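Written out below as structure tokens is the structure these notes cover.
The structure presented is a predicted model; accordingly, all values stated were derived computationally and were not measured. Chain identifiers are assigned alphabetically (A, B, ...) following the order of the sequence lines, protein sequences preceding nucleic acid strands; residue numbering begins at 1 within each chain.
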Amino acid sequence: MTAKRYTVDDSIKESQSQKRENRQFYVTFILMLVLTALSFVAVASEKIPSGFTIPFILLIAFILLVLQVVIFMHLNDKNTEFPTLFFFSGFFIAIITIATLMLLIWW
Amino acid sequence: MQSDQTGVLPPHPEKATLEGRNKILGLWFFIASDVVLFASLMGTHLALRGSTQGAPGPQELFHLEYVALMTFILLTSSMTSLLGIKAMQRYQFKQMQTWFWLTVLLGLSFLGLEIYEFYQFVIYHGLGFETNAFASSFYTLLGFHGAHVTFGILWVVTLLIRSRSQGITTYTAPKFYLFSLYWHFVDVVWVFVFTLVYLMGKVG
Amino acid sequence: MSTHAVKRTSVSLQQKPSFGSVLWDWLTTVDHKKIGIMYLAAGGFFFILGGLEALLMRLQLMYPENTLVSGTTFNELMTMHGTTMIFFAAMPILFGLINCIMPLQIGARDVAYPFMNALSFWLFLFGGILMNISWFLGSAPDAGWTSYVPLASQAPSGMDFYVLGLQVSGAGTLMSGINFMVTILTMRAPGMSLMRMPMFTWTTFIASALIVFAFPALTAGLFLLMFDRIFGAQFFDVAGGGNVIIWQHLFWIFGHPEVYILVLPAFGIISEVVSTFSKKRLFGYSSMVIATILIGFIGFMVWAHHMFAVGMGPIANALFSVATMAIAVPTGIKIFNWLLTMWGGRIRFTTAMLYCVGFIPSFVMGGVTGVMVAAAPADYQYHDTYFVVAHFHYTIVGGVVLGIMAALYYWWPKIFGKKLNETLGKWNFWLFLIGFHLTFFVQHLLGLMGMPRRVYTYLEGLGFETGNFISTIGAILMAVAALIFVINIIYTHTRVKEIAEADPWDGRTLEWATETPVPFYNFAQTPLVRGLDPLFIEKTQGDGKMKPAEPLGEIHMPSPSILPILLAFGIFIVGLGFCLHSFFDNKWISYFIVFIGTVFSLLMMMFHSIKEDHGYHIHPNDYTNKGVGM
């Protein structure tokens with residue numbers, strides 16, 4: 001399974017693209033820190049109504065998930081269709097499971 | 001190994017062999033499956049979080065500064081494991097080891113904080129596993145996450161020790177890559193734990 | 001490490017290997033074909049066990065107020081019958097078939113993770129053993145296979161064996177699911193695109209995907225039940241603020257997809273067999289694929305139809321009702337495709353084909369009653385009556401078991417190297433089919449007359465006597481049919497001397513391109529696939545032989561290992577320790593057993609991680625044949 005050979009040229013190109021990639025990682029990390037902090041601040045400050053807070057922190061959680069999965073776990077690479085499909089299918093089933101357990105057990 | 005044939009190592013040693021690619025794909029399917037496991041436990045907790053039976057509930061129990069600290073520690077450990085993988089792809093073995101040991105350290109401090117938090121709940125609030133349905137579901141969900149963290153730490157320590165003499169090869173690289181995927185996923189789960197359990201518990 | 005292979009072949013050539021070495025070979029094997037055979041054997045054993053339990057229940061219900069078994073024993077029989085048949089008979093036999101055939105069908109040399117494959121098998125076996133030793137330790141599980149709380153959370157110690165037994169085997173099942181999916185996605189022979197995969201491989205893929213998403217819900221539910229029973233958690237204890245409906249949801253979020261996990265591979269089998277014995281390409285292949293995916297997808301949105309009578313409210317009931325009925329559409333597509341495959345074909349009524357032809361009307365009946373119980377208002381009438389028992393036996397026996405029997409007759413020559421006797425096979429088929437309809441058809445009527453399910457007896461004069469008597473006669477006929485099948489196996493393997501031909505049925509797919517018995521490396525050279533039904537294409541457009549996709553060269557094989565069985569045993573000890581918690585006055589004794597098992601398992605895992613294992617290579621000189629196959 002090792003048909004492709006790597007040459008020195010390839011490795012130079014690689015290292016250039018890696019620098020770009022590394023910058024992307026640090027930016028993502030800082031973005032995640034900020035978003036997490038925002039989430040905590042929204043809950044901690046007494047002034048914001050809970051009608052806003054709950055959708056806000058859920059949105060942040062979803063953004064954090066996408067950042068973590070796509071950037072840190074490399075779902076933006078090539079040939080990751082099946083991992084992407086299955087991860088988000090799992091996420092979809094997770095949502096209906098949680099919704100069911102919250103809505104369909106007390107009456 | 002490819003290095004013998006060309007003199008230049010492949011830029012993605014974790015994906016250089018079919019075995020490595022298979023392992024990564026398989027771990028993804030396991031993660032997809034674990035998503036549903038955690039969803040079941042989270043759903044159970046959210047269903048039962050009002051069942052405090054007069055004992056202290058989320059509003060009194062949770063301290064946000066504390067959870068925020070745990071969150072930032074785990075988030076940072078996710079970053080360090082990523083940097084470990086980047087070092088691996090550059091074949092800088094020493095750097096990779098450092099990043100992963102740092103990940104272990106952060107993981108351990110996260111676990112320590114979690115245990116300390118539980119200890120406080122039990123001692124100061126008298127909230128045991130058997131107290132009420134809220135407590136059972138809370139400890140179960142957090143316990144499963146903690147068990148995932150513990151397993152991850154054991155896993156990477158085993159890897160770090162076993163690969164000391166080997167360095168980075170197309171045989172060891174997939175193993176580290178798998179760990180880092182798993183570790184990121186544990187952090188993803190934590191994102192939802194702190195949002196759905198702690199923050200939403202606080203909001204009410 | 002090619003010496004290993006040389007040693008192996010020379011042993012088989014020179015002398016008969018000793019019993020010990022054969023046993024060691026099987027215990028350490030990572031060969032998918034051998035693991036498949038072990039799955040079939042163990043699954044067959046549990047099938048007989050579950051069948052005997054069913055027979056005892058039927059004999060108890062033969063006459064009103066019968067006293068053959070007590071109410072408690074009946075509850076145990078009913079629980080163990082359901083659990084054994086689903087988890088330890090039907091699934092393992094399907095896994096056995098998948099293991100034996102699927103890698104051959106896609107032209108692979110093994111599954112993606114041979115080590116984990118062995119581990120899956122041993123986990124399933126130890127899980128089955130763990131649940132069944134409860135018979136000898138006081139009481140077997142007796143809260144039904146659905147194990148509804150709070151009955152199950154307060155039932156006697158037998159339920160612990162249910163919980164831990166399913167937990168252990170469930171871990172193995174999840175691994176198998178992942179393993180099959182990765183195998184299908186990455187190990188296909190060159191030229192075999194997704195839309196050229198045989199239907200059995202396709203249905204295996206979708207069923208495995210369902211395993212991946214459905215089993216965690218069961219795992220979570222079982223953990224909650226275990227924590228309630230062993231550690232005094234309050235999940236299902238209403239006094240502590242718990243809620244019993246959580247269990248029902250978690251169980252059925254798993255439980256309904258589980259039905260499709262069983263039946264989809266059976267659909268795949270039927271597609272293969274019907275197409276082979278009609279000598280026609282499968283009608284509407286792409287619509288079959290889409291129907292399979294749709295069944296898998298909608299199968300996840302329907303679980304609450306098991307809970308119409310719980311009182312979820314009209315909106316939820318209506319939604320789940322409509323979703324359930326929607327499943328009839330893709331299933332109907334499949335039925336019509338099978339019929340149209342046979343239409344105008346040159347049909348040979350072998351035993352395998354008879355089972356398929358018997359499958360179609362039987363399964364349609366199960367589907368029709370399925371739509372009936374899917375109508376929420378009507379379900380209030382059917383719920384918990386024998387109508388439901390009849391319905392799901394029509395889908396599981398009329399669907400899955402008939403499919404499995406077709407598969408066994410069809411693939412037996414490839415798996416075991418001998419062709420089963422066709423005359424005995426036809427007796428087997430007719431007795432089974434008649435016995436099956438006799439047993440379960442009257443149960444519809446009993447249910448409509450109001451006989452509740454899971455009762456160990458009934459009073460005289462309620463009008464249940466005739467129906468129950470007929471049903472028991474049918475069960476005895478099925479038992480006779482099963483006995484004939486066992487006789488057939490014994491006859492075939494003792495009296496029939498000649499090895500089966502490599503391609504006895506004029507097959508269409510790649511598994512028939514291998515020689516019989518299949519060499520442990522499957523294909524000396526990976527075949528090149530030129531289209532759907534690759535072997536048939538070569539038969540009609542080529543010289544009947546698969547073309548190789550690679551030059552003759554060394555083959556890399558995984559090395560055998562004793563670790564899977566040891567690791568599974570360690571996990572078994574963990575489960576056993578938890579099960580014994582009510583047996584000792586001091587709970588710490590059982591926790592000590594758990595601790596020992598955990599440490600042992602972790603050590604085995606670390607040992608596996610630390611040990612360098614790159615497998616070994618076989619040199620072309622050691623092949624028993626050259627070329628792709630025959």
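Proximity to chain C (any heavy atom under 4.5 Å) is restricted, for B/L48, to the side chain, taken from C-beta onward. With a threshold of 4.5 angstrom between heavy atoms, C/L224 approaches chain B through side-chain atoms but not through N, CA, C or O. Residue C/Y113 touches chain B through its side chain alone, counting heavy-atom pairs closer than 4.5 Å. If you measure heavy-atom distances from B/S137 to chain C, the contacts under 4.5 Å come from both the backbone and the side chain. Looking at B/A47, the atoms closer than 4.5 Å to chain C (heavy atoms on both sides) all sit in the side chain, from C-beta outward. Neither the backbone nor the side chain of B/F134 comes within less than 4.5 Å of any heavy atom in chain C. Within the 4.5 angstrom heavy-atom criterion, only side-chain atoms of B/L159, from C-beta onward, approach chain C. Using a 4.5 Å cut-off between heavy atoms, C/M187 touches chain B through its side chain atoms alone. Contacts of C/A239 with chain B are made by backbone atoms alone, with heavy-atom separations under 4.5 Å and no side-chain atom involved. Neither the backbone nor the side chain of C/F236 comes within contact range of chain B, judged by heavy atoms closer than 4.5 Å. Neither the backbone nor the side chain of C/M116 has a heavy atom closer than 4.5 Å to any heavy atom of chain B. In this structure, chain B has a heavy atom under 4.5 Å from the side chain of C/I246, while its backbone stays farther away. When heavy atoms are compared at a cutoff of 4.5 Å, C/L185 approaches chain B solely by way of its side chain, counted from C-beta outward. In this structure, the portion of C/L174 lying under 4.5 Å from any heavy atom of chain B is its side chain and not its backbone.
Below 30°, between 30° and 60°, or above 60°: for C/F95 and C/F180 the angle between ring planes is above 60°, a perpendicular geometry. By the 30° and 60° cut-offs, the orientation of the rings of C/F254 relative to C/F215 is perpendicular.
Residues of residues 97-121 of chain B lying within less than 4.5 angstrom of chain C, judged on heavy atoms, are absent. Inspection of non-hydrogen atoms places B/T140, B/F144 of residues 138-148 of chain B under 4.5 Å from chain C.
Checked by atom type and distance alone, the side chain of C/R109 pairs as donor or acceptor with a backbone atom of C/F523 at under 3.5 Å. Of the possible polar contacts, one joining the B/R21 side chain to the B/K15 backbone as a donor-acceptor pair under 3.5 Å is found. Between the B/S51 side chain and the C/G241 main chain, a donor and an acceptor come within less than 3.5 Å of each other.
Considering only heavy-atom pairs separated by less than 4.5 Å from chain B, the leading option among C/V212, C/L602, C/L250 is C/V212. The greatest number of non-hydrogen atom pairs below 4.5 Å with chain C, out of B/Q53, B/Q166, B/E19, is found for B/Q53. Note on B/D34, B/L27, B/L37: by heavy-atom pairs under 4.5 Å with chain C, the leading option is B/L37.
For the pair C/D31/C/P114, no side-chain contact is recorded, criterion being any heavy-atom separation below 4.5 Å from C-beta on. The shortest side-chain heavy-atom distance between B/L199 and B/L64 falls under the 4.5 Å cut-off. Residues B/W28 and B/I24 have side chains in contact (heavy-atom distance under 4.5 Å, counting atoms from C-beta outward). Proximity of B/F62 to B/V197: side-chain heavy atoms (C-beta onward) are separated by under 4.5 Å at one or more points. Side-chain contact between B/M70 and B/L74: absent, with no pair of heavy atoms (C-beta onward) separated by less than 4.5 Å. C/T204 has its side chain within reach of C/I184: a pair of non-hydrogen atoms, C-beta onward, lies under 4.5 Å apart. Put simply, the side chain of C/S609 does not reach to within 4.5 Å of the side chain of C/M605, judged on heavy atoms.
Here CG of C/L194 is found 4.5 Å from CZ of C/R188. Values are rounded to the nearest 0.5 Å.
Taking the six-membered ring for Trp and the full ring otherwise, C/F251 and C/Y148 have centroids separated by 6.0 Å or more. Proximity of the aromatic rings of C/F227 and C/F231 is defined here by a centroid distance below 6.0 angstrom, and this criterion is met.
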Report task. Start with the C-alpha gap between C/L225 and C/S153, add the side-chain angles, then the distance that decides, and say whether side-chain contact (heavy atoms from CB on, under 4.5 Å) holds. Result -> CA-CA 6 Å; C/L225 185 51; C/S153 52; 3.8 Å; yes
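For the residue pair C/T526 and C/E550, a side-chain donor N or O sits within less than 3.5 Å of a side-chain acceptor on the partner.
B/Y171 carries B/K175 over the face of its six-membered ring, with the cationic atom under 6.0 Å from the centre and within 45° of the normal.
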